[in-house]
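Following: one structure in structure tokens, then a few remarks.
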2 protein chains.
Amino acid sequence: MVRGKIQIKKIENTTSRQVTFSKRRSGLLKKAHELSVLCDAQVAAIIFSQKGRLYDFASSDIQKTIKRYAEYKGEYFVAESHPTEQYVQGLKKEMVTMVEKIEMLEVHNQKLMGKSVAFCSLKELQEIATQIEKSLHIVRSRKAKLYEDEVEKLKAKERELKDERVRLSGRVGEEPSGMPSGSKEKEDVETDLSIGFPKSRS
Amino acid sequence: MVRGKIQIKKIENTTSRQVTFSKRRSGLLKKAHELSVLCDAQVAAIIFSQKGRLYDFASSDIQKTIKRYAEYKGEYFVAESHPTEQYVQGLKKEMVTMVEKIEMLEVHNQKLMGKSVAFCSLKELQEIATQIEKSLHIVRSRKAKLYEDEVEKLKAKERELKDERVRLSGRVGEEPSGMPSGSKEKEDVETDLSIGFPKSRS
DNA sequence: GAGGCTATCTATAAATC
DNA sequence: TGATTTATAGATAGCCT
């Protein structure tokens, strides 16, 4: 017997709370089912007991219902734990662009390297050749410049070494008699030991 | 007054179906609420009307409830409709690889085109120059081949036209007096109208 | 926990406004 | 549409097994 209307607040007595849970739970699921059948509605109900047990009802595929719910709500809760479809679509689109770019670059590279030019038109070949010639020119110039610099550097070193030799010779009070090691340059001064008058051998 | 118990099957009368939907819907949501409060349970209910309108109740955050549901079920449906974090990580990794490849290709391209060689070593410059020379050789060969083919084709056409002319001349029983249209080749036979003896103008 | 009982409370079908 | 009414079907609190 029901003694007066009950208060809608947590039932403190554990036993009766569990009994009530069991009864009302099945009542709720039954009503959910009836509603879906009577009114041809899409209904889903999810119940977790205090202990964490799951009870549920779904008139159709619950996944569909949840998905529909998510879409209806403008979706955001799924995004919380999982990237949205939209986000991934964006990534994929970006990847397609990148793949295209890679292909483009590879084709370009191939052509610059003289590969797969078998299907190029004369006009295209001419363009490639022009580009390559230009590249070659630039690279050769750069190479020449580097060599030049190198030579310049060596000359500077030579000068430096000469100065050093002169300086050292002045300090020991005699004629220069040797070259700094490491130098392979030919000097215009006789430094070899010899018998006879200097310069007589030229 | 309720006349006898109702059958749990779709109510065909649209009006009474809508009325029943309205009443039972609110009844269901109310009961869902009562259950959650009385028994301290986590309850969520989702109802879509036939027209697609959404009605729902959730004792706590419905997102949490759905998430918990998904986890409880081992889920699957979340993965089905939404990419997993892992999947996205994979995509991103792939993208990083692609970005690196693009950079590599671009640098290579730049070098082949003689750009940004300012910081290359002599050795590297030499390698690039060698490559470019090789490329140039290939491209030029290809170009030469194309020209050759072109010339060959033109020659073949010339022969064909000559044959044709001879054949036609034989059929009309006179000396060749014209060339097939489209040919721009210079012939060694006088075909122009003229006064006087043929060949007298050369 | 699950099921049964029963007195009540609640939901609601149908009609009416 | 929606609100109210009313009679009744259905749900359930409390108690027991």
Side-chain angles (χ1 to χ4, degrees), chain A residues 1-60 62 65-66 68-69 71-74, chain B residues 1-60 62 64-66 68-74:
Chain A
M1 336 75 186
V2 181
R3 307 207 188 97
K5 50 177 11 175
I6 60 161
Q7 304 292 313
I8 300 300
K9 65 173 189 181
K10 181 175 174 181
I11 298 168
E12 293 302 337
N13 181 294
T14 308
T15 306
S16 59
R17 184 171 66 242
Q18 282 177 345
V19 171
T20 295
F21 177 72
S22 173
K23 289 180 178 177
R24 279 180 173 262
R25 185 226 314 145
S26 56
L28 183 69
L29 296 181
K30 185 183 170 195
K31 289 228 171 253
H33 169 248
E34 290 179 358
L35 177 62
S36 71
V37 172
L38 287 170
C39 308
D40 198 25
Q42 190 174 359
V43 180
I46 297 171
I47 305 166
F48 281 103
S49 73
Q50 256 198 326
K51 288 183 187 166
R53 263 207 72 159
L54 170 67
Y55 304 84
D56 68 332
F57 165 81
S59 60
S60 61
I62 195 164
T65 306
I66 290 176
R68 188 176 177 188
Y69 174 86
E71 281 162 18
Y72 191 100
K73 282 284 185 171
Chain B
M1 335 74 180
V2 183
R3 305 207 188 96
K5 52 180 4 177
I6 59 161
Q7 304 293 313
I8 300 302
K9 64 174 188 181
K10 182 175 173 180
I11 299 169
E12 293 304 336
N13 181 294
T14 307
T15 305
S16 59
R17 186 172 64 241
Q18 283 177 347
V19 171
T20 296
F21 176 72
S22 173
K23 289 180 177 178
R24 280 181 174 261
R25 186 225 315 143
S26 57
L28 182 70
L29 297 180
K30 184 182 171 194
K31 288 220 171 267
H33 169 248
E34 290 179 356
L35 176 62
S36 71
V37 172
L38 288 169
C39 307
D40 199 24
Q42 190 173 357
V43 180
I46 297 171
I47 305 166
F48 280 102
S49 73
Q50 255 197 327
K51 289 182 189 165
R53 264 208 69 160
L54 170 67
Y55 304 86
D56 68 332
F57 166 80
S59 59
S60 61
I62 194 165
K64 269 191 200 161
T65 305
I66 291 176
R68 188 176 178 189
Y69 175 86
E71 281 162 16
Y72 191 99
K73 284 280 185 170

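Below, chains carry the letters A, B, ... as their sequence lines are ordered, and counting in each starts from 1.
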Answer whether the closest heavy-atom distance between the side chains of [X] and [Y] falls below 4.5 Å.
{"X": "A:Tyr55", "Y": "A:Leu28", "answer": "no"}
{"X": "A:Val19", "Y": "A:Lys23", "answer": "yes"}
{"X": "A:Lys73", "Y": "B:Asp56", "answer": "yes"}
{"X": "A:Phe21", "Y": "A:Ile11", "answer": "no"}
{"X": "A:Arg68", "Y": "B:Ile46", "answer": "no"}

The helix from C:dA2-D:dT17 to C:dC17-D:dG2: angle between end helix axes, five pairs per end, rounded to 10 degrees: 40°
Rounded distance in Å - [atom1] ([X]) to [atom2] ([N]):
{"X": "B:Asn13", "N": "C:dT12", "atom1": "CG", "atom2": "P", "value": "18 Å"}
{"X": "A:Ile8", "N": "C:dA11", "atom1": "CD1", "atom2": "C1'", "value": "14 Å"}
{"X": "A:Gln7", "N": "D:dA13", "atom1": "CD", "atom2": "P", "value": "13 Å"}

Listed in order of residue number, which residues of residues 16-46 of chain B have a non-hydrogen atom at under 4.0 Å from DNA chain D?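 Heavy-atom contacts with DNA chain D come from B:Lys31.
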Does any N or O in the side chain of B:Ser22 come within less than 3.5 Å of the main-chain N or O of B:Gln18, such that one atom is a donor and the other an acceptor? no
Quick one: OG1 on A:Thr20 to CD1 on A:Ile6, what's the gap to the nearest 0.5 Å?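 So the gap between those two atoms works out to 7.0 Å.
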Who passes salt bridge (Lys or Arg N to Asp or Glu O under 4.0 Å) against A:Arg24, sequence neighbours left out?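 If we apply the salt bridge (Lys or Arg N to Asp or Glu O under 4.0 Å) test to A:Arg24, skipping adjacent residues, the hits are B:Glu34.
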